[in-house]
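Comments concern the structure below.
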Amino acid sequence: HRLPELLRQMPKAELHIHIEGSLEPELIFALAQRNGVAIPYRTVEELRSAYAFTNLQSFLDIYYAGASVLLTEQDFYDMAQAYFARAAKDHVVHTELFFDPQTHTARGVSMETVVNGLHRACVDAKAELGLSASLIMCFLRHLSEEDAFATLEQALPYRDRIIGIGLDSGEVGNPPEKFSRVFARCRELGFHLVAHAGEEGPPAYVWTALDVLKVERIDHGVQSSKDAALMRRLAQDRIPLTVCPLSNLKLCVFPDLASHNLRQLLDAGLAVTVNSDDPAYFGGYMNENFTQTFAATGLAAQHAYALARNSFEASFIDASEKRVFI
Ligand code: HPA
Ligand code: ZN
């Protein structure tokens, strides 16, 4: 059919991908063996069968355990390189990767190791795949703002390799305003700012991400449809939402894909994008997110063009380069 072919072939940007969430079970096992790290699963199948999530926290517990096999610069390189190769097959031509340094520095892996490995993979992706890639460092919101400040300090020597700052991990009970001071500092330093908000948390968290943290994009943001005033604000200011349909399905944010509000958000004039979030855990990279969601919700070709255009408009690519895509 022509629509699935359009969805697969169209050039697109991916703006919501946690690189640690691209770690496939096979690579987890290979790295565990390479590094002599013990993991509490005997086989790839046994690990994969543990991927039955009921909410965000049930996923995060397994996601952080999976990341524990990452120790060396080469590990971070190999993880990112595998993602880039997979993304290029889905005609992703630009991506902005989230990484979670605190997951690694807490285990004694240095910021230098993490950033060097990921950055080298970004450079090679451009040269070998024609895929442009940049890095967004996320603070873990279940940890303290003090911890985030210490992480920012460790990252400053690598600031020219990091385009932006994000906020992820367990949302409910950890509102954006918990990080108001550190985000203000990141803003002064000239970083782009984004935050996860309105994934499981209320519309109030989307408001404070915008008005207190002053973020440029909202990651997820699907709960915004519960607040009409917020929907008007997002539409008027063309605030991008990086929506992740298969993630929302697997974390039970919506009971099924047919109930997903992607179409409602698009029809309200929001700058919505489609993304994979943690593709190794949620059963699909970019094109699976597009084809499954379009099939379930009855979206059509004009929506596909809008989503692709939005992904470049919402990206942090330089304005001069953006014109090539839009
Ligand atoms: N939400 C919050 N934290 C995360 C996610 C997510 O979808 N994926 C990886 N860390
Ligand atoms: Zn996410």
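Everything quoted here is computed from the prediction, not taken from an experiment. Computed over heavy atoms, backbone and side chain alike; hydrogens, waters and symmetry mates excluded.
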CD (Gln264) with more than 12 external heavy atoms under 6.0 Å: yes
Pair His104, Glu20: side-chain N/O donor-acceptor within cut-off below 3.5 Å: yes
Side chain Asp227, main chain Ala204, donor-acceptor under 3.5 Å: no
Kindly state whether the ring of Phe282 and the ring of Phe59 have centres lying under 6.0 angstrom apart. yes
Go through it in stages, so that I can follow the logic: the residues are His94 and Ser315, the test is side-chain hydrogen bond (donor to acceptor under 3.5 Å, both in side chains), and I'd like the CA-CA distance, side-chain angles, deciding distance and then a yes or no. CA-CA 9 Å; His94 174 74; Ser315 76; 4.5 Å; no
Presence of salt bridge, Arg2 and Glu5, under 4.0 angstrom: no
With no hydrogens and no angle check, is any side-chain donor or acceptor of Ser311 less than 3.5 Å from a backbone partner on Ala308? yes
Give, for atom CG of Asp278 and atom SG of Cys244, the distance between the pair rounded to the nearest 0.5 Å. 8.0 Å
Does NZ or CZ of Arg217 come closer than 6.0 Å to the centre of the six-membered ring of Phe316, within 45° of the ring's axis? yes
Looking only at the side chains, is there a donor atom on one of Glu177 and Thr208 sitting less than 3.5 Å from an acceptor on the other? yes
pair Glu145-Phe149: side-chain heavy atoms closer than 4.5 Å: yes
Output, in order, the C-alpha distance, side-chain angles, deciding distance and verdict of side-chain hydrogen bond (donor to acceptor under 3.5 Å, both in side chains) for Thr273 and Asn310. CA-CA 6 Å; Thr273 67; Asn310 290 348; over 6 Å; no
Can you confirm whether His18 sits close enough to His196 that some side-chain heavy atom of one is under 4.5 Å from a side-chain heavy atom of the other? yes
Glu200: which residues meet the side-chain hydrogen bond (donor to acceptor under 3.5 Å, both in side chains) condition with it, sequence neighbours left out? none
Looking at Gln33, I want to see if its CD is surrounded by more than 12 non-hydrogen atoms of other residues, nucleotides or ligands under 6.0 Å. no
Side-chain donor or acceptor of His260 paired with backbone N/O of Leu262 under 3.5 Å: yes
CD (Glu171) and CD (Glu199) are apart, to the nearest 0.5 Å, by 6.5 Å
Steps toward side-chain hydrogen bond (donor to acceptor under 3.5 Å, both in side chains) verdict (Tyr63, Asp100): CA-CA 11 Å; Tyr63 161 81; Asp100 286 341; 2.8 Å; yes
Could you check if a side-chain atom of Tyr51 sits within less than 4.5 angstrom of a side-chain atom of Pro25, using non-hydrogen atoms only? yes
Check: Arg309 main-chain N/O paired with Lys12 side-chain donor or acceptor under 3.5 Å: no
Run Asp124 and Tyr77 through side-chain hydrogen bond (donor to acceptor under 3.5 Å, both in side chains) and show every step you take. CA-CA 10 Å; Asp124 288 355; Tyr77 179 92; 2.6 Å; yes
Just by distance, with hydrogens left out, do Lys89 and Asn287 show a side-chain donor and acceptor under 3.5 Å apart? no
Indicate yes or no for a side-chain donor-acceptor contact from Asn275 to the backbone of Val243 under 3.5 Å, with no hydrogens or angles considered. yes
Pairwise distance CG(Leu189) to CZ(Phe183) - rounded to 0.5 angstrom: 12.5 Å
Using only heavy-atom distances, determine whether the side chains of Asp219 and Thr242 contain a donor-acceptor pair under 3.5 Å. yes
Regarding Gln74 and Arg120, do their side chains bring together a donor and an acceptor under 3.5 Å, going by distance alone? yes
Tell me whether Arg48 is salt-bridged to Glu26, with the criterion being a basic N under 4.0 Å from an acidic carboxylate O. yes
Can Ser276 and Glu14 be counted as having a side-chain donor-acceptor contact under 3.5 angstrom? yes
May I ask you to test the Arg159-Phe191 pair for a side-chain heavy-atom distance under 4.5 Å? yes
So, Lys178 side chain and Ser144 main chain: donor-acceptor pair closer than 3.5 Å or not? no
Working to the nearest 0.5 angstrom, can you tell me the gap between Leu140 CG and Ser169 OG? 5.0 Å
Side chain to side chain contact (heavy atoms under 4.5 Å, CB included) involving Thr151 - partner list, sequence neighbours excluded: Pro101, Gln102, Met111, Met137, Phe139, Asp147
What distance separates Leu251 CG from Asp277 CG, expressed to the nearest 0.5 Å? 7.5 Å
Any pair counted as salt bridge (Lys or Arg N to Asp or Glu O under 4.0 Å), so long as it reaches residues 234-260, sequence neighbours left out: Arg233-Asp237, Arg238-Glu313
Below 4.5 Å, heavy atoms only, C-beta onward: do Pro240 and Ile218 meet side chain to side chain? no
Just wondering, do Gln223 and Pro202 contact through their side chains at under 4.5 Å, heavy atoms? no
Within a 6.0 Å radius of atom CZ on Arg86, are there more than 12 heavy atoms belonging to other residues, nucleotides or ligands? yes
In the single-linkage hydrophobic clustering (I, L, V, M, F, W, Y; side-chain heavy atoms under 4.5 Å), do Ile165 and Val215 co-cluster? yes
In the structure I gave you, are the side-chain heavy atoms of His119 and Tyr158 within less than 4.5 Å of one another anywhere? no
For the hydrophobic clusters of this structure (ILVMFWY residues joined by side-chain heavy atoms under 4.5 Å, transitively), does one cluster hold both Val93 and Ile17? no
Check: Asn289 side chain, Leu246 main-chain N or O, donor-acceptor pair, under 3.5 Å: yes
Decide yes or no for Leu210 and Lys214: does some side-chain heavy atom of the first lie under 4.5 Å from some side-chain heavy atom of the second? no
Separation between CG (Asp75) and CG (Leu31), nearest 0.5 Å, reads 5.0 Å
When you measure from the side chain of Arg107 to the backbone N and O of Ala67, does any donor-acceptor pair fall under 3.5 Å? yes
Looking at Tyr83 and Ser22, what are the two nearest heavy atoms and their distance? CB-OG, 3.7 Å
